[in-house]
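To keep things clear, I will list the structure first and then write my remarks on it.
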2 protein chains.
Amino acid sequence: MIMDDRKKRILQAIIDDYIDKAEPIGSRTIARKYELGLSSATIRNEMADLEEMGYLAQPHTSAGRVPSDKGYRLYVDKLMPTHDLNREEIRELNSATEDRVYELSQLLRHATAVLSNFTKYTSMAVTPKLRSSTIKAIQVVPIEAGKALVIVVNNAGIVKNSLIKVSEQATSEMLGRITNLLNDKLAGLTFEQADTERIKTLAREIGVTGDILTPILNGTAECMYQMGDHEMYVEGSTNILGHPEFKDMDKARQFLSLLDEKTSICKALSDSARPVGITVRIGSENELCSIRDCSLVTVNYNVADTMVGTIGIIGPTRMEYSKVISSIGYMKKLVCEEINRLLGHEHESV
Amino acid sequence: MIMDDRKKRILQAIIDDYIDKAEPIGSRTIARKYELGLSSATIRNEMADLEEMGYLAQPHTSAGRVPSDKGYRLYVDKLMPTHDLNREEIRELNSATEDRVYELSQLLRHATAVLSNFTKYTSMAVTPKLRSSTIKAIQVVPIEAGKALVIVVNNAGIVKNSLIKVSEQATSEMLGRITNLLNDKLAGLTFEQADTERIKTLAREIGVTGDILTPILNGTAECMYQMGDHEMYVEGSTNILGHPEFKDMDKARQFLSLLDEKTSICKALSDSARPVGITVRIGSENELCSIRDCSLVTVNYNVADTMVGTIGIIGPTRMEYSKVISSIGYMKKLVCEEINRLLGHEHESV
DNA sequence: GATTAGCACTCGCCGGGTCAGAGTGCTAAC
DNA sequence: GTTAGCACTCTGACCCGGCGAGTGCTAATC
């Protein structure tokens with residue numbers, strides 16, 4: 001059977017309507033509402049064809065039709081109307097960066113909150129993987145007698161610090177010497193390379209310079225560890241309760257408890273996103289079994305080229321794809337700009 | 001009518017049973033299960049009395065009895081058995097600080113996650129209010145040509161930083177002079193006092209020393225702002241779906257959307273907690289109307305005496321009070337210890 | 001006088017039966 | 001190829017009666 005233009009128009013009409021109504025769509029509805037110049041009987045025949053071809057499904061005999069994953073896929077790839085963000089919508093999305101933002105994590109929280117609020121689905125984000133970024137600078141700064149702060153900066157300008165106790169005798173000059181030493185030995189390495197093992201080796205190489213060096217190395221290791229850690233933010237998880245596909249309590253619970261499992265979601269996000277552009281994974285296209293009746297829309301954002309994080313929106317397969325796709329695309333742009341601003345890659349000072 | 005010992009025993013039995021079963025408790029159940037040496041008829045009479053006195057309520061004629069808020073209050077104050085944490089439970093709670101913890105926010109996230117998991121209710125925490133802490137030290141550290149890091153430390157050893165752009169000509173000696181100047185002018189003040197206004201005034205006092213000072217003052221203000229911000233963590237929000245009082249979707253949704261409103265929850269937490277000790281707010285005792293059918297158990301934790309944060313557990317009024325109270329008490333202790341360790345108030349170095 | 005056994009009564013829950021509505025597939029006519 | 005008409009199917013809402021749990025009251029008992 002061939003997928004002619006008329007079939008496509010009918011399929012689109014069904015999916016559009018189903019996305020809106022969340023109920024099986026009957027032939028009469030389509031005939032009445034969309035002006036295709038066809039009677040319900042004709043549409044009925046076409047719908048039977050579309051079902052046979054796998055684009056539609058029937059929950060039970062004598063019910064209307066429902067799009068299948070394959071149907072949504074065609075819809076997303078070819079049929080979907082584009083959603084142009086209007087002024088009001090852009091204003092709403094912009095609010096993610098309106099408030100004072102001083103950290104990447106905060107930026108991501110804002111972005112996910114706004115996105116989830118805007119789309120009424122659940123939005124997620126993971127911080128970039130920084131393990132493969134390189135160490136730009138290490139500083140040991142005295143704070144008061146007996147206390148110092150170890151600071152590590154990576155090539156994107158992301159800063160981590162760790163408070164340490166040092167010997168009371170440590171002069172700021174000694175700390176300066178150690179700072180230079182650490183920079184010599186570690187700067188330029190990736191955080192992966194500068195693991196705890198390496199730092200221990202370094203300690204042996206230098207020889208135990210009394211009690212001063214040890215806490216500093218510990219602090220450095222701590223910073224390295226922090227840099228390697230990546231966090232995840234989920235907002236609007238309860239939005240799904242508003243969608244009829246989750247009116248069944250058990251389903252809702254299953255979905256929500258999945259979101260609590262940060263590791264698997266994190267993996268799903270990273271796995272899903274392609275290097276560039278927006279990825280849409282519909283229902284069974286998802287590798288994670290427990291979201292096989294959801295769709296996941298993801299996009300990567302970059303920090304200084306090498307470091308990649310991901311933003312995602314998850315909702316039922318019956319999702320307003322066009323709206324989700326345009327809003328996540330816009331948000332990615334916003335986030336990238338803001339990251340550049342935050343890390344001082346732009347010309348404006350903070 | 002007088003609240004004699006027998007009434008108390010019966011009330012306790014009813015509440016114990018109701019907390020377990022979540023269904024109206026009948027006189028026969030009590031007579032059979034608890035060995036009070038009384039027939040169901042006698043207990044029935046006592047229950048009628050307890051209802052008249054306001055400790056029990058009846059969902060409808062010919063149903064069993066359910067504790068009222070007043071009943072729970074007496075239970076919590078006088079009747080409740082104490083819950084001694086066993087070895088296994090302590091091990092579970094301890095896991096909050098087992099993982100590498102390097103920040104207060106991370107500590108609180110762990111603590112709330114463990115608590116919510118342990119109690120099966122929802123757990124929350126707010127970071128301490130630091131606005132009234134004092135500035136201990138400010139440092140401006142050069143990172144690379146044109147970039148520097150402003151670091152502000154408060155009297156508890158909490159560190160905030162802000163990356164800034166500076167003139168390429170700024171030497172580390174100049175930055176050192178400015179550091180000294182800032183310390184002179186600002187150290188010892190509270191963050192409340194050192195607001196943006198004050199910093200602007202400072203800029204005027206010093207006179208515009210070219211383009212070097214401005215970004216540094218901006219960075220300092222940024223740090224001040226960060227210090228004043230306080231965050232909130234909520235974990236296990238979906239736990240409530242497991243409790244029968246939220247089997248009604250609308251109720252669950254209402255509860256969950258409340259949790260999304262960080263500000264009101266934050267306020268409820270802070271308002272509820274008394275300066276010391278564990279506070280229990282039962283149902284209508286809560287000021288926030290939307291949690292009038294929940295109970296909120298809170299405790300404050302201190303950072304260096306003056307800075308106070310709060311941990312809380314929220315669940316249905318039919319809550320395992322004894323377990324919740326002992327676990328939150330233990331967690332407070334853990335958190336306090338860990339904070340001391342983190343901020344170097346202890347003797348062990350990191 | 002307190003306690004208890006007995007009994008009539010109340011109420012929510014559950015399962016089965018009925019019915020209307022929406023939608024289909026098929027056939028025959030256009 | 002398209003459409004009108006019709007018989008058929010399935011779901012969901014509604015109603016109804018029976019069951020079980022629990023009560024309050026009364027009268028008998030300790």
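In what follows, chains carry the letters A, B, and so on, assigned in the order in which the sequence lines appear, proteins first and then strands, with residues in each chain numbered from 1. Side-chain atoms are counted along with the backbone in the values below, which use heavy atoms only and exclude waters and symmetry mates.
- Considering only the side chain of A:Thr29, C:dG23 comes nearest among D:dT3, D:dT23, C:dG23.
- Distance B:Lys21 NZ to D:dA21 P: 15 Å, rounded to the nearest Å.
- There is a side-chain donor-acceptor pair under 3.5 Å between A:Asp17 and A:Tyr34.
- At D:dT26, none of the side-chain N or O atoms of B:Arg44 fall inside 4.0 Å of OP1 or OP2 (strictly under the cut-off).
- Side-chain N/O atoms of B:Glu89 and B:His83 include a donor and acceptor closer than 3.5 Å.
- Atom-to-atom, NZ of A:Lys7 to P of D:dG1 comes out at 11 Å; the value is rounded to the nearest Å.
- OP1 or OP2 of C:dT4 sits under 4.0 Å from a side-chain N or O of B:Ser39.
- Here the P atom of nucleotide C:dG23 and the CD atom of A:Glu51 are 15 Å apart, to the nearest Å.
- As a whole-Å value, the separation of B:Asn45 CG from D:dT23 P is 11 Å.
- The phosphate of D:dT3 (OP1 or OP2) has a side-chain N or O of A:Thr42 nearer than 4.0 angstrom.
- Between B:His60 atom NE2 and D:dG22 atom C1' there is a gap of 9 Å when expressed in whole angstrom units.
- Residue A:Ser40 is classed as having no contact, given no heavy-atom separation below 4.0 Å to the nucleic acid.
- Closest to the side chain of B:Ser62, out of D:dA21, C:dG25, C:dT3, is D:dA21.
- Atom P of nucleotide C:dA2 and atom CG of B:Asp4 are separated by 11 Å, given to the nearest angstrom.
- Checked for salt-bridge contact, B:Arg65 and B:Glu51 meet the test: a charged N lies under 4.0 Å from a carboxylate O.
- Summarising the geometry, the separation between CG on B:Asp49 and P on D:dC25 is reported as 12 Å, rounded to the nearest angstrom.
- With C:dA22, C:dG25, D:dA4 as the candidates, the nucleotide lying closest to the side chain of A:Gln58 is C:dG25.
- If A:Ala41 and A:Arg32 are placed on DNA chain C by their nearest nucleotide, the residue sitting closer to the 5' end is A:Arg32.
- Residues B:Thr238 and A:Asp260 bring a donor and an acceptor atom of their side chains to less than 3.5 Å of each other.
- Minimum atom distance to the side chain of A:Thr61 is reached by D:dC10, of the listed D:dA4, D:dG22, D:dC10.
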Start with the C-alpha distance between B:Asp69 and B:Arg73, add both sets of side-chain angles, then the distance that settles salt bridge (charged side-chain N to carboxylate O under 4.0 Å, His left out), and finish with yes or no.
CA-CA 6 Å; B:Asp69 289 353; B:Arg73 170 50 59 200; over 6 Å; no
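- Atom CZ of A:Arg65 and atom C1' of C:dA22 are 13 Å apart (whole Å).
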